[in-house]
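To keep things clear, I will list the structure first and then write my remarks on it.
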Protein chains: 2
Amino acid sequence: MTVRNARLADFLPYLLSVTSNVVSDRIADEYRARFGLKIPEWRVMAVLGDGGAMTQRLLVGATRMDKVAVNRACKVLEERGLIRRSPNDRDGRSHHLELTAAGKAMHGEIMPIALDMERRLFSTLGAAERDQFKSLLARINVAADQMESPE
Amino acid sequence: MTVRNARLADFLPYLLSVTSNVVSDRIADEYRARFGLKIPEWRVMAVLGDGGAMTQRLLVGATRMDKVAVNRACKVLEERGLIRRSPNDRDGRSHHLELTAAGKAMHGEIMPIALDMERRLFSTLGAAERDQFKSLLARINVAADQMESPE
DNA sequence: GCAAATTGGTTACAGTTGGAACCGCCTTGC
DNA sequence: GCAAGGCGGTTCCAACTGTAACCAATTTGC
């Protein structure tokens with residue numbers, strides 16, 4: 001045949017995007033229903049709960065979100081009393097952000113639920129397949145990152 | 001500069017989302033630069049080029065986009081003269097949509113480029129790994145889909 | 001030591017997105 | 001054959017997102 005029959009459903013980036021969206025949507029529903037959190041807010045909670053106090057700049061690196069998204073998420077969390085800002089002596093432009101007691105309590109509830117949801121979403125994969133999947137994603141990530149700037 | 005944060009960075013849905021986004025962004029840049037197409041528009045082109053004339057309803061199923069997104073993409077493509085509407089005798093509410101000559105020409109250019117980009121983005125994976133990855137994505141897709149409807 | 005450039009953070013704005021209402025056609029049930 | 005309900009497609013609106021402008025603090029270069 002003259003033209004190779006390329007179907008959208010076989011196109012890897014398409015499949016990746018669709019899968020990622022369906023997973024994200026499912027998770028977003030759960031967080032919104034249970035905690036009233038959006039995914040950006042949840043990510044900030046997860047990082048602060050795991051890594052302790054840090055600036056927005058560090059949050060940008062840790063969550064891979066842009067600084068505006070991080071700022072907005074932090075503002076919401078602060079207004080809800082889940083995180084607190086304290087001055088940064090070493091740099092007057094930024095603050096240290098950390099979970100409040102309420103924030104820690106919520107973090108303690110969220111993480112088991114998150115991990116359980118991960119387990120359920122990927123239960124169709126065996127443990128070895130999950131590891132394999134994770135490592136494939138990480139490699140693709142690196143490759144696409146490198147492709148971004150040069151060339 | 002990636003801050004190490006064991007939990008979030010190991011969370012599979014997060015890794016999936018980040019990877020999907022970096023891949024999508026990379027591809028979106030390419031289509032926009034070369035053809036002035038957004039991804040939804042490209043998807044419609046790909047499906048029509050592969051499947052021939054069909055209604056928006058069928059496009060919704062084939063592209064996994066919602067009907068508003070499909071409608072908007074079709075409108076843009078029609079205004080650019082890449083697709084054409086013809087009446088649907090069997091249902092007065094909808095039209096058949098198909099590529100024009102110009103649309104077919106563009107489709108002929110796009111597909112090789114798309115496949116090449118896929119090849120480059122996933123070149124870090126061997127052929128067997130790519131197949132594996134594809135099948136893992138498909139399985140996750142099915143699982144998350146099933147989880148959507150309340151149980 | 002100071003002007004210039006850079007950086008962390010914030011705000012403003014414009015483009016994008018998706019849910020819901022809406023319109024007209026079609027199907028169903030009587 | 002017609003009222004009621006459903007469906008394809010379109011429009012509307014409100015929320016979200018990202019880019020760019022902006023401010024203040026810090027670093028750099030001379």
Side-chain angles (χ1 to χ4, degrees), chain A residues 17-18 20-22 24-29 31-33 36-44 47-48 53-79 83-98 148, chain B residues 1 3 17-18 20-22 24-29 31-33 36-44 47-48 53-79 83-98 148:
Chain A
S17 168
V18 167
S20 172
N21 286 339
V22 73
S24 288
D25 288 350
R26 190 70 199 73
I27 291 179
D29 288 346
Y31 288 148
R32 190 166 40 72
L37 292 176
K38 295 173 198 163
I39 286 188
E41 291 152 17
W42 175 78
R43 285 186 185 174
V44 168
V47 170
L48 289 180
M54 63 181 74
T55 63
Q56 290 190 16
R57 182 173 107 45
L58 288 173
L59 282 170
V60 167
T63 60
R64 291 261 209 156
M65 308 191 301
D66 80 48
K67 63 183 185 174
V68 178
V70 168
N71 181 277
R72 285 198 261 246
C74 288
K75 200 193 298 189
V76 170
L77 294 174
E78 194 184 7
E79 281 162 4
I83 70 176
R84 167 180 47 232
R85 297 170 123 90
S86 53
N88 179 355
D89 330 341
R90 304 174 55 191
D91 190 330
R93 294 168 300 183
S94 65
H95 298 85
H96 289 300
L97 300 164
E98 60 187 332
E148 272 189 1
Chain B
M1 175 247 349
V3 171
S17 168
V18 167
S20 172
N21 286 339
V22 72
S24 287
D25 288 351
R26 189 70 199 74
I27 290 180
D29 288 346
Y31 288 148
R32 191 167 39 72
L37 291 177
K38 296 176 194 160
I39 285 187
E41 290 151 19
W42 175 78
R43 285 186 183 173
V44 168
V47 169
L48 289 181
M54 63 181 74
T55 63
Q56 290 190 17
R57 185 175 102 50
L58 288 173
L59 282 171
V60 166
T63 60
R64 290 263 209 155
M65 308 190 301
D66 79 48
K67 63 185 185 173
V68 178
V70 168
N71 182 273
R72 284 198 261 248
C74 288
K75 201 195 296 190
V76 170
L77 293 175
E78 192 183 9
E79 280 161 5
I83 70 177
R84 167 180 47 231
R85 296 170 123 89
S86 52
N88 180 354
D89 329 343
R90 302 174 55 190
D91 190 332
R93 294 169 299 182
S94 66
H95 298 84
H96 289 301
L97 300 164
E98 61 186 332
E148 271 190 2

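The sequence lines fix the lettering, A, B, ..., with proteins before strands; numbering per chain opens at 1.
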Partner set under side chain to side chain donor-acceptor pair (under 3.5 Å) for A/Ser24, not counting sequence neighbours
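Checked A/Ser24 against side chain to side chain donor-acceptor pair (under 3.5 Å); zero matches.
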
Rounded distance in Å - [atom1] ([X]) to [atom2] ([N]):
X: A/Met65; N: D/dT17; atom1: CE; atom2: P; result: 10 Å
X: A/Asn88; N: C/dG8; atom1: CG; atom2: P; result: 11 Å
X: A/His96; N: C/dG8; atom1: NE2; atom2: C1'; result: 13 Å
X: B/Ile39; N: D/dT17; atom1: CD1; atom2: P; result: 17 Å

Decide yes or no for [X] and [Y]: does some side-chain heavy atom of the first lie under 4.5 Å from some side-chain heavy atom of the second?
X: B/Leu37; Y: B/Val76; value: no
X: B/Val47; Y: B/Met54; value: yes
X: A/Val44; Y: A/Cys74; value: yes
X: B/Arg43; Y: A/Ser17; value: yes

Report all interatomic pairs (protein N or O, nucleotide N or O of nucleotides 3-9 of chain D) with separations under 3.5 Å.
from	atom 1	to	atom 2	distance (Å)
D/dG6	N2	B/Arg93	NH1	3.3
D/dC7	O2	B/Arg93	NH1	2.5
D/dG8	OP1	B/Arg57	NE	2.8
D/dG9	OP1	B/Gln56	N	3.3
D/dG9	OP2	B/Arg57	N	2.5
D/dG9	N7	B/Lys67	NZ	3.1
D/dG9	O6	B/Lys67	NZ	2.7

According to side chain to side chain contact (heavy atoms under 4.5 Å, CB included), who are the partners of A/Ser94, at least two apart in sequence or on a separate chain?
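A/Ser94 satisfies side chain to side chain contact (heavy atoms under 4.5 Å, CB included) with A/Thr55, A/Asn88, A/Asp91 once adjacent residues are dropped.
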
What pairs with A/Ala53 under side chain to side chain contact (heavy atoms under 4.5 Å, CB included), at least two apart in sequence or on another chain?
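Listed in chain order: A/His96, A/Glu98.
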
Check: protein-nucleotides 12-17 of chain C nitrogen or oxygen pairs below 3.5 Å:
from	atom 1	to	atom 2	distance (Å)
C/dT16	OP1	B/Lys38	NZ	3.1

Below 4.0 angstrom from OP1 or OP2 of C/dT11, is there any side-chain N or O of A/Lys75?
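For C/dT11, OP1 or OP2 has a side-chain N or O of A/Lys75 closer than 4.0 Å.
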
Quick test of your reading: applying salt bridge (charged side-chain N to carboxylate O under 4.0 Å, His left out), list the pairs with at least one residue in residues 56-78 of chain B, sequence neighbours left out, ordered by first then second residue.
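Pairs touching residues 56-78 of chain B that pass the test: B/Arg64-B/Asp145, B/Glu78-B/Arg85.
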
